[in-house]
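See structure below.
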Amino acid sequence: MRICDILRRKGFEVVTIAPDRTVLDAVQTLVEHNIGAVVVVDGSGLAGILSERDVLRLTAQSTDLSTLRVGDVMTSDVVIGDGSDNLREVMDVMTRNRIRHLPVVDGGNLAGLVSIGDLVNALRTAVETENRHLKQYIAGAS
């Protein structure tokens, strides 16, 4: 299974925010959309990503989120995926980099976002389908 297959099922919508917005704005966006990360985009495209984990680190420092800009605290060295990437390879990349969200880029443009939950769900569905087919095969072979 490839990442583009997951995006076709999940959808291609990506919640984004500009780097000049405040971290408090980003938190409100996360809550409003019930998501764990927001992709930061500027005029030239993907600029970074800000996750709820990043925000927790800031709050542990007693930082005022209404004065910090997203662009100053986002992860700018973003690990990205391609729609043609294999599910298992992407799971390895996300595990190795300890990330839970992976922006998917196609031709230099943001094409979607997958979470570790999306990948686990896709793998679970694939295993269930394979299991069902094997059971049907065994039942038919008897």
Side-chain angles (χ1 to χ4, degrees), residues 1-63 65-66 68-142:
M1 178 176 292
R2 296 175 306 149
I3 298 306
C4 62
D5 300 323
I6 295 170
L7 287 175
R8 272 191 214 98
R9 287 190 190 111
K10 173 188 176 181
F12 298 93
E13 180 185 351
V14 180
V15 177
T16 63
I17 196 164
D20 61 343
R21 301 286 300 274
T22 68
V23 174
L24 185 58
D25 292 336
V27 168
Q28 291 168 339
T29 300
L30 292 171
V31 170
E32 177 184 337
H33 294 278
N34 195 29
I35 55 177
V38 62
V39 176
V40 184
V41 295
D42 61 16
S44 62
L46 178 66
I49 192 165
L50 184 74
S51 71
E52 54 195 2
R53 184 185 294 173
D54 298 325
V55 174
L56 284 173
R57 286 188 184 112
L58 294 170
T59 57
Q61 300 168 5
S62 300
T63 305
L65 302 182
S66 66
L68 279 178
R69 298 285 170 217
V70 169
D72 295 331
V73 297
M74 68 183 183
T75 300
S76 56
D77 186 18
V78 182
V79 178
I80 60 170
D82 183 88
S84 64
D85 290 341
N86 179 286
L87 169 66
R88 292 180 193 270
E89 293 167 350
V90 171
M91 289 181 87
D92 288 344
V93 166
M94 292 176 78
T95 301
R96 190 171 45 254
N97 289 284
R98 300 185 61 155
I99 58 174
R100 292 185 262 171
H101 301 89
L102 184 78
V104 179
V105 175
D106 182 26
N109 297 316
L110 185 61
L113 180 76
V114 291
S115 70
I116 196 70
D118 297 329
L119 302 182
V120 168
N121 188 45
L123 185 58
R124 180 189 57 81
T125 301
V127 167
E128 287 174 354
T129 300
E130 181 181 24
N131 188 16
R132 186 176 65 251
H133 288 139
L134 287 172
K135 285 180 180 179
Q136 290 171 348
Y137 175 77
I138 291 168
S142 300

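Since this is a predicted model, take the numbers as computed values, not measurements.
Under the 4.5 Å side-chain criterion, counting only non-hydrogen atoms from C-beta, Pro103 is not in contact with Val14. Annotation: side chain of Arg69 is in contact with side chain of Thr22 (closest heavy-atom distance under 4.5 Å). Residues Ile3 and Leu119 meet the side-chain proximity criterion, which asks for heavy atoms closer than 4.5 Å. Looking only at side-chain heavy atoms (C-beta outward), Val70 and Asp25 stay at 4.5 Å or farther from each other. Within the 4.5 Å cutoff, side-chain heavy atoms of Thr59 are placed close to those of Leu56.
Residues that satisfy the side-chain hydrogen bond (donor to acceptor under 3.5 Å, both in side chains) test with Ser51, not counting sequence neighbours, are Asp54. The side-chain hydrogen bond (donor to acceptor under 3.5 Å, both in side chains) check on Asp85 picks up nothing, with sequence neighbours excluded. Residues passing the side-chain hydrogen bond (donor to acceptor under 3.5 Å, both in side chains) test with Asn121 are Arg124, sequence neighbours excluded.
Contact between Arg98 and Arg53 at its shortest, heavy atoms only, is O-NH1, 3.3 Å. The minimum heavy-atom distance linking Thr16 with Val38 is given by the pair C-CG2, 3.7 Å. Scanning both residues, Ile49 and His101, for their nearest heavy atoms gives CD1-CB, 4.0 Å. Leu50 and Met74 make their closest contact through CD1-CA, 4.1 Å (heavy atoms, listed as atom of the first residue, atom of the second, distance).
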- Message: Determine whether Val90 and Leu102 satisfy the following criterion, side-chain contact (heavy atoms from CB on, under 4.5 Å), listing intermediate values before the conclusion.
- Response: CA-CA 9 Å; Val90 171; Leu102 184 78; 3.5 Å; yes
- Task: Give the C-alpha distance, both sets of side-chain angles, the deciding distance and a yes or no for side-chain contact (heavy atoms from CB on, under 4.5 Å) between Arg96 and Val93.
- Result: CA-CA 5 Å; Arg96 190 171 45 254; Val93 166; 3.5 Å; yes
- Could you walk me through whether Leu123 and Arg88 pass side-chain contact (heavy atoms from CB on, under 4.5 Å), step by step? CA-CA 9 Å; Leu123 185 58; Arg88 292 180 193 270; 3.8 Å; yes
- Begin from the C-alpha positions of Ile80 and Leu110 and carry the test side-chain contact (heavy atoms from CB on, under 4.5 Å) through to its verdict. CA-CA 10 Å; Ile80 60 170; Leu110 185 61; over 6 Å; no
